[in-house]
Colleague: 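Just dropping this structure here.
No experiment lies behind these values; they were computed from the predicted model shown. Values below: every heavy atom of this structure, side chains too, minus hydrogens, waters and symmetry copies.
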Amino acid sequence: MADREDTLLTNRAAKLERIRAKGIDPYPARFSRTCDTATATAMFEANEGDDGSQDKVQDVLLAGRITSMRTMGKAAFLDLQDASGVIQALLRLNNLGDGFDLIKDLDLGDHLGVRGNLMRTRTGQVTIDAVELTVTAKGMRPLPEKWHGLRDVETRYRQRYLDLIANQDEIMPVFVLRSKVISGIRRFLDDRGFLEVDTPILVPVAAGAHAKPFDTHHNALDQKLYLRIATELYLKRLIIGGFDKVYEIGRVFRNEGIDQDHNPEFTLLESYEAYADYIQVMDMVEQMVATIAIAVNGSAQVTIGENVIDFTPPWQRVSMREELEKRSGIDLESYDDEALRRRAAKLGIDTKVLESRGRLIDKLLSTFVEPHLIQPTFVLDYPEEMSPLAKAKPDSPGYVERFEAFACGMEIANSYSELNDPVVQRERFEGQEQIRALYEDEEVDRQDEDFLTAMEYGMPPTGGLGVGIDRLVMLLAGQRSIRDVLLFPQMRTLKGESAEAEPEEEPENEATE
RNA sequence: GGGCCGUUAGCUCAGUUGGCAGAGCACCGGACUUUUAAUCCGGGUGUCGUGGGUUCGACCCCCACACGGCCCA
């Protein structure tokens with residue numbers, strides 16, 4: 001540990017002891033505020049007469065963290081920050097008497113309660129003129145610097161609380177927006193008669209998507225379990241069971257890489273509506289996103305970099321095949337697997353690892369098509385082999401009724417007319433297993449026997465939807481990285497930080513005295 | 001997985017053809033009863049990410065590693 005830090009901590013500890021020596025509890029159990037700081041300011045302004053008479057808001061109790069201190073001998077100005085904002089407190093020897101001494105033992109970062117009267121200073125700032133101070137929690141560590149805030153991204157993610165304290169104005173609104181997006185989705189779906197449900201996170205089969213699961217073990221059952229990679233198959237079981245419209249907003253887990261738009265756990269909305277198809281889901285998605293954009297930003301338009309993204313329906317709808325041909329010159333129908341691979345390689349796609357046709361098409365799309373989809377766009381009708389849970393498109397052999405929605409080059413939604421023929425579903429799962437056998441390292445969907453049994457009891461025609469909430473929040477909040485819309489993004493555990501992290505054998509040096 | 005960049009005081013950052021480690025804020029001491037990046041006077045508090053190497057001498061050059069970021073896959 002650095003000596004300097006020791007000194008800073010020692011200073012704080014000494015102040016803590018002095019506070020205690022005065023008979024003050026530096027960590028009292030409670031402090032009753034009259035209101036938060038923003039409300040206090042609004043209250044004062046509302047009661048303020050035109051003539052500046054300002055004696056109507058007296059004897060209020062406010063509290064916050066000290067983020068700035070300007071001491072001037074026998075008076076001091078402090079800034080008290082709470083979730084609603086900041087209010088200035090004026091501490092004067094005249095008003096506080098012996099209590100004024102406490103200033104010497106206050107630090108930036110301490111939580112302080114102030115009783116006093118609201119007033120305006122000479123410079124016009126609404127301020128609480130303190131008559132009594134209460135230490136509500138002494139801070140024992142120095143805060144990041146007040147002017148530049150906390151900029152080190154690693155520290156911001158690892159110690160998000162410091163980021164929130166130091167960069168409150170910058171980042172708190174992002175997470176408030178995130179919360180509004182989620183509550184807005186709930187309201188939107190609830191209003192349309194959807195039922196919110198909870199399905200298992202610990203599952204015996206990690207099915208419903210092409211992704212590598214986290215695995216774990218249940219001791220009492222002595223059974224391997226996985227963390228879910230999707231909620232799809234359980235929600236479909238509920239449609240089979242007779243619920244008409246269900247949705248779940250839940251965390252799913254994919255044991256894959258971490259980058260600007262991937263975190264190993266992320267929040268997924270899935271909804272299923274009996275007797276709907278993907279066209280109806282499309283209508284719902286554009287309505288939902290526009291509604292939420294307006295709810296959180298007051299506008300269906302969002303400025304991201306140089307682009308103004310307009311979520312106002314209707315969104316552009318393009319055929320996957322046509323769009324790919326337009327952007328890359330490749331008409332999928334003219335190429336068998338091998339020819340497609342050669343053509344892709346010629347266009348600069350890395351084809352060193354042998355990949356399935358579906359995976360190859362996926363790469364072509366993400367290289368040639370997706371980056372161009374800036375305005376909200378539905379891409380329709382994907383190859384069957386990429387979509388084992390989607391219903392075949394009539395009159396288009398090899399294709400399924402599926403759309404993905406993109407904005408700003410990023411996928412935000414995925415939807416199918418759901419496959420409900422159990423025989424075909426079994427064939428599709430088997431097709432996935434063949435892909436797995438042929439192409440090593442390729443993630444495919446897994447066969448879920450229990451789900452097939454469920455489908456054999458009869459699943460009505462259904463429109464399904466998945467929306468990556470984190471990415472939607474990124475768009476609506478104008479954030480580049482998924483880490484900036486996650487309060488606690490996944491980080492590698494630092495050495496020595498967790499005893500659980502590396503259960504390395506340590507030589508036992510006990511039994512000597 | 002590959003490439004590039006970063007890691008220096010509590011925080012934000014300088015720095016050196018390789019020669020005693022710097023600033024602002026914070027902090028410590030002093031002055032100051034309407035300040036607001038308060039001001040004024042005095043004080044630098046450091047394992048320069050970690051471990052090796054080269055060198056008379058390394059924060060700087062070399063190698064490896066750790067963590068993070070960006071780009072690519």
Colleague: Which part of the nucleic acid, if any, lies within contact of A/Arg156, taking any heavy atom under 4.0 Å across all strands shown: a base, the sugar-phosphate backbone alone, or nothing?
Modeller: nothing
Colleague: Of the options B/C67, B/C28, B/U33, whose atoms approach the side-chain atoms of A/Arg492 most closely?
Modeller: B/C67
Colleague: B/G69, OP1 or OP2 - any side-chain N/O from A/Arg483 closer than 4.0 Å?
Modeller: yes
Colleague: In Watson-Crick or G-U wobble terms, both distances under 3.5 Å, what is the partner of B/G18?
Modeller: none
Colleague: Taking the C1' atom in each of B/U55 and B/A14, what is the distance between them to the nearest angstrom?
Modeller: 27 Å
Colleague: Is there a side-chain contact between A/Gln125 and the phosphate of B/U34, meaning an N or O under 4.0 Å from OP1 or OP2?
Modeller: no
Colleague: Think A/Arg402 forms a cation-pi with A/Tyr382, using NZ or CZ under 6.0 Å from the six-ring centre and within 45 degrees of its axis?
Modeller: yes
Colleague: Between B/G49 and B/A9, how many Å separate the two C1' atoms, rounded to a whole number?
Modeller: 15 Å
Colleague: Taking only side-chain N and O atoms of A/Lys146, does any of them lie within less than 4.0 angstrom of OP1 or OP2 on B/A38?
Modeller: yes
Colleague: So does A/Arg357 pair up with A/Asp336, basic N to acidic O under 4.0 Å?
Modeller: no
Colleague: List in numerical order all residues of residues 62-78 of chain A for which some heavy atom is under 4.0 Å away from an atom belonging to RNA chain B.
Modeller: A/Ser68, A/Arg70, A/Thr71, A/Met72, A/Gly73, A/Lys74, A/Ala75, A/Phe77
Colleague: What is the distance from CG of A/Leu96 to P of B/U33, rounded to the nearest Å?
Modeller: 15 Å
Colleague: Give the rounded distance in Å between these two atoms: CG of A/Asp129 and P of B/U33.
Modeller: 16 Å
Colleague: Should A/Gln88 be listed as having a side-chain N or O under 4.0 Å from OP1 or OP2 of B/U34?
Modeller: no
Colleague: Side chain of A/Glu154 only, heavy atoms from C-beta on: which candidate in B/U12, B/U34, B/G68 is closest?
Modeller: B/G68
Colleague: Could you check which of B/A73, B/U34, B/U12 has an atom nearest any side-chain atom of A/His148?
Modeller: B/U12
Colleague: Have a look at A/Asp152 and say if it touches a base, only the backbone sugar-phosphate, or nothing, with a 4.0 Å heavy-atom cut-off.
Modeller: sugar-phosphate
Colleague: Quantified in whole Å, what is the P atom distance between nucleotide B/G6 and nucleotide B/C63?
Modeller: 14 Å
Colleague: Is any side-chain heavy atom of A/Ser68 closer than 4.5 Å to one of A/Phe77?
Modeller: no
Colleague: Toward the 5' end of RNA chain B, which comes first, A/Thr127 or A/Ser481, by nearest nucleotide?
Modeller: A/Thr127
Colleague: Do the side-chain N and O atoms of A/Tyr226 and A/Asn255 include a donor-acceptor pair separated by under 3.5 angstrom?
Modeller: no
Colleague: Under 3.5 Å for both donor-acceptor distances, Watson-Crick or wobble: does B/C11 have a partner, and if so which one?
Modeller: B/G24
Colleague: Specify the separation, in whole Å, of atom CD of A/Gln159 and atom C1' of B/C67.
Modeller: 14 Å
Colleague: Does this structure show an ion pair linking A/Arg156 with A/Glu154, if we count only N-O contacts that are shorter than 4.0 Å?
Modeller: no
Colleague: Between B/C67, B/C25, B/C27, which nucleotide has the shortest distance from any of its atoms to the side chain of A/Glu145?
Modeller: B/C25
Colleague: Out of B/C27, B/A73, B/U12, which has the shortest distance to the side chain of A/Asp350?
Modeller: B/A73
Colleague: If you measure from the P atom in B/G52 to the same atom in B/G44, how many Å do you get, rounded?
Modeller: 32 Å
Colleague: In whole Å, I'd like the distance from the CG atom of A/Asp79 to the P atom of B/A26.
Modeller: 13 Å
Colleague: Just compare B/C67, B/C11, B/A73 and give me whichever is closest to any side-chain atom of A/Lys363.
Modeller: B/A73
Colleague: Counting only N and O atoms by type, is there a donor-acceptor contact under 3.5 Å from the side chain of A/Asp381 to the main-chain atoms of A/Met320?
Modeller: no
Colleague: Does any nucleotide pair with B/U55 by Watson-Crick or G-U wobble geometry, both distances under 3.5 Å, and what is it?
Modeller: none
Colleague: Indicate yes or no: does A/Arg65 engage A/Asp82 in a salt bridge with an N to O separation below 4.0 Å.
Modeller: no
Colleague: Taking it one step at a time, do A/Thr231 and A/Glu270 satisfy side-chain hydrogen bond (donor to acceptor under 3.5 Å, both in side chains)?
Modeller: CA-CA 7 Å; A/Thr231 50; A/Glu270 287 197 43; 2.9 Å; yes
Colleague: Is the shortest distance from a Lys or Arg side-chain nitrogen in A/Arg70 or A/Asp79 to a carboxylate oxygen in the other one below 4.0 Å?
Modeller: yes
Colleague: For A/Arg92 and B/U34, is the shortest distance between a side-chain N/O and OP1 or OP2 below 4.0 Å?
Modeller: no
Colleague: What distance, rounded to whole Å, do you find between the two C1' atoms, one in B/C27 and one in B/C65?
Modeller: 35 Å
Colleague: Over all strands shown, is A/Lys104 touching base, sugar-phosphate only, or nothing at heavy-atom distances under 4.0 angstrom?
Modeller: nothing
Colleague: Starting from P on B/C27, measure out to CD1 on A/Ile103 and report it in whole angstrom.
Modeller: 14 Å
Colleague: Output the single nucleotide from B/G68, B/U34, B/C71 whose closest atom is nearest the side chain of A/Leu90.
Modeller: B/U34
Colleague: In this structure, how many angstroms lie between the C1' atom of B/C72 and the CD atom of A/Gln260, rounded?
Modeller: 13 Å
Colleague: Report the nucleotide, chosen from B/C67, B/C27, B/U34, that has the shortest atom-to-atom distance to any side-chain atom of A/Arg158.
Modeller: B/C67
Colleague: With rounding to the closest Å, how many angstrom separate the P atoms on B/G22 and B/C48?
Modeller: 14 Å
Colleague: Quote, to the nearest angstrom, the C1' distance that separates B/C11 from B/G46.
Modeller: 14 Å
Colleague: Under 3.5 Å, is there a donor-acceptor pair linking the side chains of A/Gln301 and A/Asp310?
Modeller: yes
Colleague: Identify whether any heavy atom of A/Gly149 sits under 4.0 Å from a base atom; if not, whether one sits that close to sugar-phosphate; answer base, sugar-phosphate or nothing.
Modeller: sugar-phosphate
Colleague: According to the Watson-Crick and G-U wobble definitions, with both distances under 3.5 Å, which nucleotide is paired to B/G68?
Modeller: B/C5
Colleague: Measure the distance from CG on A/Leu106 to P on B/A26 and round it to the nearest whole Å.
Modeller: 16 Å
Colleague: Between the side chains of A/Asp36 and A/Arg33, is the shortest nitrogen-to-carboxylate-oxygen separation below 4.0 Å, so that they form an ion pair?
Modeller: no
Colleague: Given that both distances must come in under 3.5 Å, which nucleotide forms a Watson-Crick or G-U wobble pair with B/A38?
Modeller: none
Colleague: For B/C60 versus B/U7, give the span between their C1' atoms, rounded off to a whole number of Å.
Modeller: 14 Å
Colleague: Mind calculating the distance between CZ (A/Arg151) and C1' (B/U7) to the nearest angstrom?
Modeller: 17 Å
